[in-house]
Amino acid sequence: ERIGRSISENINEDAWLAFEMSGYTIGSSTLHSHIRRLKPGELLIANKAKFSLARHHRYQPWDYAEKCPSKLRDELSEVTLAVFEKLVKNSHGRQIAVPISAGLDSRLVASALKHIGAKNVICFSYGQAGNFDATTGRTVAGQLGYPWHFILTNSNIITS
């Protein structure tokens, strides 16, 4: 059988029903009965005219080694710093702008960059003048020695 037949001959009826009901197909199904989608962790291996599927990762939450909290903290720290070292390396000397607020995620980003010695970093906050996030962002950026900028936003809605 060839894929090139008319669409109506190759339609996957079950996938079509799922699509009509939900707006998407399920699993590896597509609307075309001879085409399937790769699932997360799958890869297609093509060797001449032969194709096969393989998995490069399988989520197995039941297969874990128990570790003490301090070892887990150390591993998290190593991975986190490696991510930011890669960010700085891939910036190729360009400036890195960090939107900073009172949230822990933005403070982690700025702090990690400082910890690894990133130099070309600026921080910024936005919103109404004097808002808590911006005030905290300014304080954190100052403590880290990074320049901080504020972008005032206006909550007035213009209607015609």
Side-chain angles (χ1 to χ4, degrees), residues 12 15 18-19 21-32 35-48 50-159:
N12 178 333
F19 180 77
M21 294 176 71
S22 64
Y24 53 88
T25 60
I26 299 170
S28 60
S29 297
T30 67
L31 295 177
H32 196 288
I35 299 174
R36 75 172 269 222
R37 180 177 47 230
L38 294 176
K39 291 185 263 181
E42 279 187 329
L43 55 114
L44 179 68
I45 300 171
N47 188 1
K48 297 188 180 174
K50 190 176 178 185
F51 298 95
S52 61
L53 287 175
R55 294 192 62 83
H56 69 82
H57 175 74
R58 180 174 301 272
Y59 178 61
Q60 297 174 320
W62 57 88
D63 185 23
Y64 71 96
E66 195 149 331
K67 296 179 182 176
C68 68
S70 63
K71 180 148 177 69
L72 290 171
R73 268 192 303 278
D74 291 345
E75 287 180 16
L76 177 60
S77 180
E78 288 174 23
V79 168
T80 302
L81 293 176
V83 165
F84 289 103
E85 287 167 352
K86 185 174 180 180
L87 170 73
V88 170
K89 180 182 174 198
N90 290 338
S91 74
H92 301 290
R94 294 181 305 237
Q95 190 170 60
I96 297 171
V98 179
I100 193 163
S101 67
L104 296 177
D105 51 354
S106 63
R107 295 188 303 174
L108 169 70
V109 170
S111 297
L113 289 169
K114 183 65 175 186
H115 182 80
I116 63 171
K119 303 276 188 244
N120 198 7
V121 176
I122 63 166
C123 297
F124 70 93
S125 303
Y126 57 90
Q128 296 296 306
N131 75 71
F132 179 72
D133 277 330
T135 303
T136 304
R138 179 182 64 217
T139 301
V140 172
Q143 289 174 344
L144 295 172
Y146 286 141
W148 176 82
H149 301 278
F150 179 71
I151 302 164
L152 179 65
T153 58
N154 189 342
S155 62
N156 293 336
I157 298 173
I158 300 172
T159 58

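Note that this is a predicted model, so its numbers are computed, not measured.
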Between Asn47 (side chain) and Lys50 (backbone), is there a donor-acceptor pair under 3.5 Å? no
Are Val98 and Phe124 packed together at the side-chain level, in the sense that at least one heavy-atom pair is separated by less than 4.5 angstrom? no
Determine yes or no for a side-chain-to-main-chain donor-acceptor pair under 3.5 angstrom, with Gln128 supplying the side chain and Leu152 the backbone. no
Please confirm whether the backbone N or O of Thr30 pairs with a side-chain atom of Arg37, one donor and one acceptor, at under 3.5 Å? no
Checking the side chain of Tyr146 only, and the main-chain atoms of Ser111 only, is there a donor and an acceptor separated by less than 3.5 Å? no
Got more than 12 heavy atoms from elsewhere within 6.0 Å of CZ, Phe150? yes
Here the pair of heavy atoms bringing Ser106 nearest to Pro99 is CB-O, 3.2 Å
Counting only heavy atoms not in Ile45, do more than 12 sit closer than 6.0 Å to its CD1 atom? yes
Rounded distance [0.5 Å steps], CZ in Arg55 versus NZ in Lys39: 7.0 Å
Is there a donor-acceptor pair under 3.5 Å between the side chain of Ser29 and the backbone N or O of Thr25? no
If we only count heavy atoms from C-beta on, is the Val88 to Ile116 side-chain gap below 4.5 Å? yes
Quick one, Asn12 and His32 - any side-chain contact, counting heavy atoms below 4.5 Å? no
Side chains of Arg107 and Thr136: is there a donor and an acceptor less than 3.5 Å apart? no
Considering only heavy atoms from C-beta outward, does the side chain of Gln95 approach that of Val121 to under 4.5 Å? no
Close side-chain approach of Leu38 and Leu53, heavy atoms under 4.5 Å: yes
Of all the heavy-atom pairs spanning Gly103 and Asp133, show the shortest one and how long it is. N-OD1, 4.4 Å
Within the 4.5 Å heavy-atom criterion, are Thr135 and Arg138 side-chain neighbours or not? yes
If I take atom CG from residue Leu113 and atom CZ from residue Phe84, how far apart are they, to the nearest 0.5 angstrom? 6.0 Å
In Å and rounded to the nearest 0.5 Å, what is the CD1 to CZ distance from Ile26 to Phe19? 12.0 Å
Do any N or O atoms from the side chain of Ser125 and from the backbone of Ile100 form a donor-acceptor pair under 3.5 angstrom? yes
Spacing of CG belonging to Asn120 relative to NE2 belonging to His92, to within rounding of 0.5 Å: 13.5 Å
Interatomic distance, NE2@His115 vs CG@Leu144, rounded to 0.5 Å, equals 12.0 Å
Under a 4.0 Å threshold between the charged nitrogen and the carboxylate oxygen, would Glu42 count as salt-bridged to Arg36? yes
Indicate yes or no for a side-chain donor-acceptor contact from Asn90 to the backbone of Leu87 under 3.5 Å, with no hydrogens or angles considered. no
Between the side chains of Lys89 and Glu85, is the shortest nitrogen-to-carboxylate-oxygen separation below 4.0 Å, so that they form an ion pair? no
